[in-house]
Amino acid sequence: MYAHERMRQSRIPFSQRLFWSVFFIFLGFTACVFVFQYQREVEFTREKLNSVLSSYNYQLHYRVQKDPNLNAVVEEFVREIPEHGLRVTIIDPSGKVLFDNTKSDIRDNHNNRSEVLKARQKMNAYAIRSSGTDGQEYFYSANNIEGYIYRCAIPYGPYIKDTLKVNREFVYFMALMLLIFFIVLSRYTFSIGQTIAKLKYFSQNIPKNPEKEIELNFPNDELGDIAQHIIKLYRRQQKAKNELALEREKLIKHFQYAKEGFAMFTEDGVEILANIQLIQFANVLSNNAIHTAEEVLDIPELEPIRTFLEEKTQTPRVKALRQTATINKSGKTFLVECLLFQNNSYEISISDITRQEEEYQMKRQLTQNIAHELKTPVSSIQGYLETLLYNHLSDEKRGFFIERCYSQCQRLTDLLKDISLLNRLEGAADMFELTDVNLTQLLNEIEKECAQQMEAKNITSETHLPENAMIHGNFSLLYSIFRNLYDNAIAYAGEGIRIIVNCYKEDSKYYYFSFSDNGAGIPEEHINRIFERFYRVDKGRSRKAGGTGLGLSIVKNSVLFHRGQISAKSTPGQGVTFLFTLKKKI
Ligand code: ADP
């Protein structure tokens with residue numbers, strides 16, 4: 001056990017210290033009052049005796065005035081008064097004893113006796129002392145009457161001592177007061193002590209077990225109120241602390257599971273917090289192994305962040321500053337962000353923005369493609385219209401150009417229809433109405449619609465579907481799937497081919513289809529890209545065939561809308577097969 005702990009255990013409790021200090025102060029005060037009062041009582045009783053003896057002195061003087069026979073006068077006087085053994089002395093102004101009833105012929109000068117000395121100054125004085133004449137102890141009372149000292153004395157024996165005894169009542173009174181004070185003080189200090197002990201118990205036990213609800217009843221006084229207030233404040237602070245800890249915990253968890261790499265640093269660049277992703281991303285970015293978040297700034301590509309920190313930390317600022325750097329490494333794109341706070345502490349985050357970057361590039365590509373696709377028919381229309389406007393043409397030629405214009409407008413309409421359909425599929429899929437669609441009927445209709453074109457190219461088709469194959473889905477999207485596949489096969493597979501639509505499998509949830517032709521097929525390098533928007537194997541051929549380059553994209557998105565999957569396989573020269581599933585009820 002440590003010395004200070006031993007000292008803490010052995011020390012006297014505060015309430016006891018308070019009690020004993022107040023009690024001793026009061027005791028000291030009482031002792032002073034007692035001594036003072038005792039002294040006064042002693043004085044008072046002596047004064048009383050003195051005044052009796054003083055009256056005797058005057059009576060004696062009075063009698064001596066009348067009768068100069070001292071012996072007889074004193075003898076009679078002594079006999080009359082109740083005090084036994086009264087000694088009467090008369091001293092002349094020179095200190096010579098004129099008369100003493102206990103001893104005649106006293107020669108020594110009595111002016112040096114203390115009561116005589118004082119009486120010469122104050123007319124009356126008393127003294128308790130041993131007699132210089134007979135050695136006995138007396139209570140003397142001397143009066144200076146016209147220069148003569150009349151002195152009556154009584155032996156200071158047990159009787160007189162008893163009469164001069166101090167009145168005991170005041171002693172009892174003081175003892176009683178002391179006792180009352182003791183009780184009241186102990187009651188109050190006990191109450192203070194209890195409050196302190198409870199507070200101490202609370203402060204020692206709560207930190208060990210903060211969840212425990214300790215029931216503490218404090219006395220109904222100001223100290224109790226203060227204690228209760230302290231506990232309330234403590235609990236409130238504890239609650240806030242717990243909530244803060246929880247929030248911190250949540251934040252740390254969030255950082256650990258975040259997709260971004262993240263680290264916080266002090267103004268001296270010391271790491272406060274960092275997640276695993278940061279270290280992982282930093283290692284992708286760096287050629288050397290990185291073990292701590294503090295090493296991240298050593299990556300050469302992070303030069304702009306380093307200079308930013310070096311420069312900006314020199315000057316004070318009122319708001320946080322931000323610096324970013326985009327780094328391409330190992331086929332990925334990373335965005336490094338640094339946030340510098342007012343107190344020079346900072347945060348660094350690294351995020352993998354490869355997908356966003358790709359999406360951004362794709363969107364750019366898409367816009368370019370749309371613009372390009374629109375440009376061709378629009379400039380064709382413009383050209384035809386200019387020819388029509390500025391040339392005198394025969395009716396036949398006019399009709400030809402107007403027809404061309406119309407067909408380009410048709411192309412534009414188809415293109416816009418396809419774009420808008422794809423946009424709706426991506427952005428507002430829930431707007432498509434769902435109904436029960438009979439696939440067998442739907443395919444029969446498409447076959448009929450395409451019959452003429454197929455006949456023209458000597459194309460045959462077979463469908464193998466369960467009778468009344470039903471799907472709860474969107475009619476026009478299901479139509480688009482099969483129609484686009486038919487149109488493509490007719491347009492690109494070549495002449496004299498055979499199209500086979502087969503529902504090769506069905507389970508409780510899905511229909512499994514294959515759509516194949518035995519035509520030209522698609523070269524290996526293109527097969528994985530044919531579902532991309534505006535992707536064409538042979539651009540010229542596609543345009544000539546009236547294709548927008550969006551057909552298979554619409555097919556794929558429509559299949560996805562029906563919770564299915566699609567893929568394509570092809571052996572050039574032997575045809576293409578599209579394999580896809582459609583959910584019976586979406
Ligand atoms: P398009 O508007 O050009 O038809 P699609 O997305 O429908 O656009 O098709 C993309 C490309 O895939 C076509 O340009 C075509 O070259 C190729 N293709 C599609 N279906 C077939 C098929 N059955 N046989 C051969 N090539 C095909």
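Just so you know, these numbers use all the heavy atoms, side chains as well, and skip hydrogens, waters and symmetry mates. Quick caveat: nothing in here was measured; it's all calculated off a predicted structure. Atoms within a ligand are numbered from 1 in the order they appear, just like the ligands themselves. The first residue of the sequence shown is numbered 1, and numbering continues consecutively from there.
- Contacts of Glu303 classified as salt bridge (charged side-chain N to carboxylate O under 4.0 Å, His left out), with partners at least two apart in sequence or in another chain: Arg306.
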Output block, N or O contacts of ligand 1, threshold 3.5 Å exclusive:
residue: ligand 1; atom: 2 (O); partner: Thr548; partner atom: N; Å: 2.8
residue: ligand 1; atom: 2 (O); partner: Gly549; partner atom: N; Å: 2.5
residue: ligand 1; atom: 3 (O); partner: Tyr492; partner atom: OH; Å: 2.9
residue: ligand 1; atom: 3 (O); partner: Ser542; partner atom: OG; Å: 2.5
residue: ligand 1; atom: 4 (O); partner: Asn488; partner atom: OD1; Å: 3.2
residue: ligand 1; atom: 4 (O); partner: Tyr492; partner atom: OH; Å: 2.6
residue: ligand 1; atom: 6 (O); partner: Leu552; partner atom: N; Å: 2.9
residue: ligand 1; atom: 7 (O); partner: Asn488; partner atom: OD1; Å: 3.3
residue: ligand 1; atom: 7 (O); partner: Asn488; partner atom: ND2; Å: 2.9
residue: ligand 1; atom: 7 (O); partner: Leu552; partner atom: N; Å: 3.2
residue: ligand 1; atom: 16 (O); partner: Val537; partner atom: N; Å: 3.4
residue: ligand 1; atom: 23 (N); partner: Asp517; partner atom: OD2; Å: 3.0

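- Proximity of His464 to Val501: side-chain heavy atoms (C-beta onward) are nowhere separated by under 4.5 Å.
- Residues that satisfy the side chain to side chain contact (heavy atoms under 4.5 Å, CB included) test with Asp430, not counting sequence neighbours, are Ala428.
- The side-chain tip of Lys505 does not point at the ring of Tyr510 from less than 6.0 angstrom away and within 45° of straight on.
- When all heavy atoms of Ala568 and Ile527 are compared, the pair lying nearest together is O-CG1, 3.7 Å.
- Taking Asn283 as the reference, Ile279, Ala289, Ile290 meet the side chain to side chain contact (heavy atoms under 4.5 Å, CB included) condition, with sequence neighbours excluded.
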